[in-house]
Amino acid sequence: MAKKQFKTESKRLLDLMINSVYTNKEIFLRELISNASDALDKLHFKLLTDNSAASSGNLEIRIVPDKENRTLSIIDNGIGMTQDELETNLGTIAKSGTLAFRSAMQKKTEGEEASEDENAPAANELEVIGQFGVGFYSAFMVADKITVLSRAYGSNEANIWESTGLDGYTVSPAEKADGCGTVITLHLKANGEEERFDRYLETYTLRELIKKYSDYIRYPIKMMVEETRMKEHECECECEHDHEDGECDCEHKEPEYETVTEEQTLNSMVPLWRRNKAELTDEDYNGFYTDKFHDYEEPLAHIHSCTEGGVTYNSILFIPASAPYNYFSKNYKRGLQLYSNGVMIMESCEDLLPEYFGFVKGLVDSSDISLNISREMLQQSRQLRAIASGLKKKIKAELEKMLEFDREKYEKFFKAFGLSLKYGIYESYGMEAENLKDLLLYKSAKEDKLVTLKEYAARLMENQTEIYYACGESEEMIKALPQYKYLIGKGYDVLLMTENVDEFMLRMLNGYDGKPFKSITDNDINIQDEDEKKALEQKQTEHAELLEAVKTALDGRVKEVRLSARLSDSPAALTSEGPLSLEMEKVLAEMPMGGGAKAERVLELNPDHPVFEALSRVKDDEAMLASYAGILYGQAQLLAGLKLDDPTKFAESLNALLVK
Ligand code: ADP
C-alpha cells in the first residue's frame with residue numbers, strides 16, 4: 001500500500017523524537033494516557049449530551065505489556081477515530097502545546113549558529129522536550145513502529161494506522177470487535193548500550209510511571225499484574241494466632257505461596273483538586289496545568305481552595321504566564337471547567353469568571369450543582385453566582401499577594417494581562433474600579449520603573465494635589481512633549497501611558513485617593529507657583545491682540561490661542577479643552593465606529609521663546625502672520641503625534657522662510 005507522507009511541519013518534530021537523546025523518554029506514557037483520557041472524556045460528554053441510554057460507567061484505560069513480542073499497548077474505550085481523523089490527527093501536528101513547541105524551537109534556532117553536526121539535536125531541543133508535552137509523537141522516542149487501531153463511536157468500521165517513522169504512514173481498514181476506542185501499540189526499540197527500552201514492559205516500571213504522572217486521571221488505568229501471595233489455608237489447630245502473619249510457631253502447616261494474575265487499577269483516580277493541599281507540590285500543580293490546559297509554560301500561580309458554607313466547592317485556578325495569541329480577540333474562549341461531584345458537566349463555563357479575569361484557567365467541582373442542569377438553568381443558578389463571586393475574590397487576593405511579595409512575577413503577569421484589567425475598569429463604566437485600581441501598574445518617569453497608583457500617590461511632591469500622567473504612542477513621543485520636559489524639570493513625577501484604553505479608563509476612575517488625574521497637557525494643571533501664574537496672566541493681557549490675530553489666522557482650527565509657561569524650550573504646543581483629549585481623538589479615529597469625534601484644540605505659545613518675538617514683529621503683516629501661525633500650529637501638531645492638516649501649505653511656508 002502506498003505510504004502517505006507526514007506534513008512537513010510534523011516531520012521535524014518526528015525526526016527530533018526518533019533521534020532523541022533526551023533522558024526522560026518515559027514521558028511518552030503520560031502523553032498517551034492523557035490522550036486516552038481525553039478520548040474517554042469526549043465519549044463521556046457525548047453520552048451525556050446525547051442523552052444516550054448507553055452507560056459510560058465502564059470507561060477505562062488498559063495497559064498491556066507483551067514481553068514476547070516486545071510491544072506495549074495503551075488501550076481505551078473512548079471516542080475513537082474515523083479513518084479521516086486518523087489521517088489528520090496523526091499525520092499533522094495537532095497539539096497546541098506541540099505547535100508552541102515548534103515555534104519556540106524555531107525562535108531558539110534562529111538566533112543561534114548552526115551546530116557543527118547537523119543531525120545532533122541541540123541541547124536546547126532537549127530542554128524544550130522536557131518542558132512541553134509533545135503529544136502522540138513522543139512515543140517515537142521509545143518505539144520504532146507504532147500502530148493505532150481505532151473505531152470511532154457510532155461506527156461499525158475500524159481502521160489501523162501504522163508508521164515506522166519518517167518514511168510516512170499507512171491507514172487501512174481493520175477489524176475491531178470490542179466496540180469503539182483506540183489501541184495504540186508500540187513496538188519498542190532494541191535496547192541500546194545505555195538504554196533499555198524493554199524496561200517499559202516491566203510491571204514495576206509501568207506502575208511507577210503511572211503513579212508518578214497519571215495518578216489523578218479519573219478513569220481507571222488497569223493492567224494485568226502477576227503477584228506472588230501466601231495461599232490462604234484453613235488451619236485446624238485451635239491456637240488463636242494469626243497464621244497468615246507467620247506469628248504462630250506451632251507446627252501445623254508450612255505457609256504456601258501461589259502466583260496469581262489479576263487485573264489491578266494502578267492509579268488512585270482521586271482528582272488533584274480533591275486531594276489534600278498539604279500533600280501536593282508545586283510540581284504536581286504545574287504538571288496538572290500544562291497537561292490539562294495544554295500550555296507549555298508553567299503557570300505563574302495556582303489557587304487551590306476548598307470552600308464550604310453557602311455553597312460547597314473545590315477549585316483549582318491557574319494564572320498563566322503569557323497571553324494566548326488570540327486572548328484579546330473575539331475568538332478567545334474564556335471559562336472554567338465545571339464538574340459536579342467529580343464529573344465534568346461543562347468544558348468551559350463563562351459565567352464563573354468576570355471578563356477581565358478571563359485569562360484564568362482552571363476548574364470548579366461542586367456537589368451543589370446538579371449533574372443534569374441545563375445551560376439555561378445554570379446561568380440562573382444562585383449557586384453558580386455565589387461560586388463566581390467567591391472565585392473573583394480569590395483571584396484578586398492572589399494577584400495582590402503576588403504584587404506585594406513577588407514584584408517581578410507580578411510585572412510579568414501585568415505585561416501579559418494588564419490590558420485586560422484596564423478594559424475591566426473601562427467597560428464596567430468604573431463599577432469595577434474599586435476592585436481593580438490597585439492592580440494597575442504604570443511606568444513612572446522619575447523612577448523609570450513600573451509603579452502602582454498607590455506608590456505614586458505616596459510620593460507626591462509637597463503641595464502636589466494631582467496625579468500627573470501623559471498619554472502617547474510611545475514613551476519617546478511622550479518624552480518629546482514640551483510640557484513633559486517642564487514638569488520633570490520641576491521635579492514632578494509623570495505616569496507614562498501608552499495604551500489606547502489608558503485615558504478612556506482614567507475617565508472612569510474617579511481620581512485616586514482623593515487626587516484627580518491630570519494630563520500634563522491640560523491647561524488648568526495645578527502647579528502651585530503663584531508668581532509664575534501672575535506673570536503669565538500679565539503677559540497674556542499684554543499680548544491679547546496678537547493671540548487673537550493668530551487665532552483668526554488659523555481660521556477656526558483652534559478654539560483658543562494662549563500663552564503658556566510650561567513649554568520649556570519649544571515655541572508652541574497643542575493641547576485640548578473639554579472631555580476629549582487629543583490622544584482620545586486619535587484612538588477613536590482608528591476605531592471603525594469611532595465617529596470622528598474631535599478634541600477642541602488649544603494652541604499654546606511660549607512667550608519666552610525667540611520665535612514669539614519674531615511672531616510679534618510680523619503682527620501687522622497679515623500674510624506673514626498667517627504663514628508663521630501655520631508653521632507653529634503645524635509643528636505643534638507633529639509634536640503631538642498628529643498629522644498635518646495641509647502638508648503642502650506647511651512645506652510652502654517653510655520654504656518661503658528658507659529663501660528669505
Ligand atoms: P493533542 O492530544 O494535544 O491534541 P496529540 O499529537 O497527542 O495532540 O494527538 C493528536 C490528536 O489525535 C488528538 O488531538 C486526538 O484528536 C487524537 N488522538 C490521539 N490519541 C487518541 C486516542 N487515544 N483516542 C482518540 N483520539 C486520539
Side-chain angles (χ1 to χ4, degrees), residues 6-7 9-18 27-47 56 59-64 72-104 129 131-143 146-155 157-163 165 169 171 174 176 178-186 213-214 217-222 287-297 324 347 361:
F6 286 102
K7 290 270 170 356
E9 80 264 31
S10 306
K11 267 194 158 168
R12 169 93 183 100
L13 184 68
L14 202 56
D15 188 20
L16 195 64
M17 291 300 132
I18 292 168
I27 59 152
F28 82 91
L29 190 62
R30 169 190 81 187
E31 300 291 314
L32 297 185
I33 288 179
S34 146
N35 280 351
S37 165
D38 285 350
L40 293 170
D41 269 343
K42 283 180 196 157
L43 181 58
H44 171 86
F45 205 61
K46 195 154 189 77
L47 295 178
S56 56
L59 297 181
E60 62 180 25
I61 299 168
R62 283 187 299 126
I63 308 291
V64 181
L72 176 66
S73 299
I74 291 91
I75 305 172
D76 67 71
N77 51 1
I79 192 98
M81 284 175 272
T82 61
Q83 183 181 351
D84 276 359
E85 284 165 345
L86 277 169
E87 298 227 358
T88 42
N89 293 344
L90 306 182
T92 344
I93 290 185
K95 193 174 186 131
S96 45
T98 319
L99 273 172
F101 169 88
R102 202 166 51 84
S103 67
I129 298 176
Q131 288 169 13
F132 290 66
V134 280
F136 173 75
Y137 289 163
S138 64
F140 279 103
M141 291 197 289
V142 300
I146 299 179
T147 63
V148 181
L149 171 63
S150 197
R151 180 168 147 190
Y153 169 70
S155 160
E157 291 160 15
N159 290 282
I160 188 159
W161 178 99
E162 188 171 320
S163 170
Y169 60 88
V171 179
K176 188 176 182 307
D178 58 351
C180 66
T182 303
V183 180
I184 299 188
T185 302
L186 312 183
Y213 292 115
S214 313
I217 293 284
R218 64 185 192 92
Y219 303 97
I221 304 173
K222 295 180 176 169
F288 178 77
Y289 168 78
T290 46
D291 205 37
K292 198 160 175 90
F293 297 101
H294 297 294
D295 196 350
Y296 58 94
E297 257 184 304
E347 279 198 273
K361 302 266 186 216

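Everything quoted here is computed from the prediction, not taken from an experiment. All residue numbers in this chain count up from 1 along the given sequence. All heavy atoms count here, side chains included; hydrogens, waters and symmetry mates do not. Counting starts at 1 for both ligands and their atoms, following the listed order.
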Asker: Counting each atom of ligand 1 from 1 as listed, which ones have a heavy atom of His294 under 4.0 Å away?
Answerer: 3 (O)
Asker: Using a 4.5 Å cut-off on heavy atoms from C-beta on, say whether the side chain of Asn35 contacts that of Ile184.
Answerer: no
Asker: Taking only non-hydrogen atoms of Glu31, do any sit less than 4.0 angstrom from ligand 1?
Answerer: no
Asker: For ligand 1, which atoms, with element, lie under 4.0 Å from some heavy atom of Met81?
Answerer: 17 (C), 18 (N), 21 (C), 25 (C), 26 (N), 27 (C)
Asker: Indicate yes or no: at least one non-hydrogen side-chain atom of Leu29 is less than 4.5 angstrom from one of Ile74.
Answerer: yes
Asker: I want to check something: taking the side chain as every heavy atom from C-beta on, are Lys361 and Asp295 in contact at a cut-off of under 4.5 Å?
Answerer: no
Asker: Consider every N or O of Asp76 and every N or O of ligand 1, then say whether any pair is closer than 3.5 Å.
Answerer: yes
Asker: Side chain, backbone, both or neither: which applies to Thr182 and ligand 1 if a contact is any heavy-atom pair less than 4.0 Å apart?
Answerer: side chain
Asker: Minimum distance, heavy atoms only, to atom 20 (N) of ligand 1: which one of Asn35, Leu43, Leu90 is it?
Answerer: Asn35
Asker: With side chains defined as the heavy atoms from C-beta onward, is the minimum distance between Thr185 and Leu149 less than 4.5 Å?
Answerer: no
Asker: Rounded to the nearest 0.5 Å, what's the gap from CD1 on Ile63 to OG on Ser73? Could you check?
Answerer: 9.0 Å
Asker: Hey, what's the ring geometry for Tyr169 with Trp161, parallel, tilted or perpendicular (30° and 60° as the breaks)?
Answerer: parallel
Asker: Could you tell me whether some N/O pair between Tyr137 and ligand 1 is separated by less than 3.5 angstrom?
Answerer: no
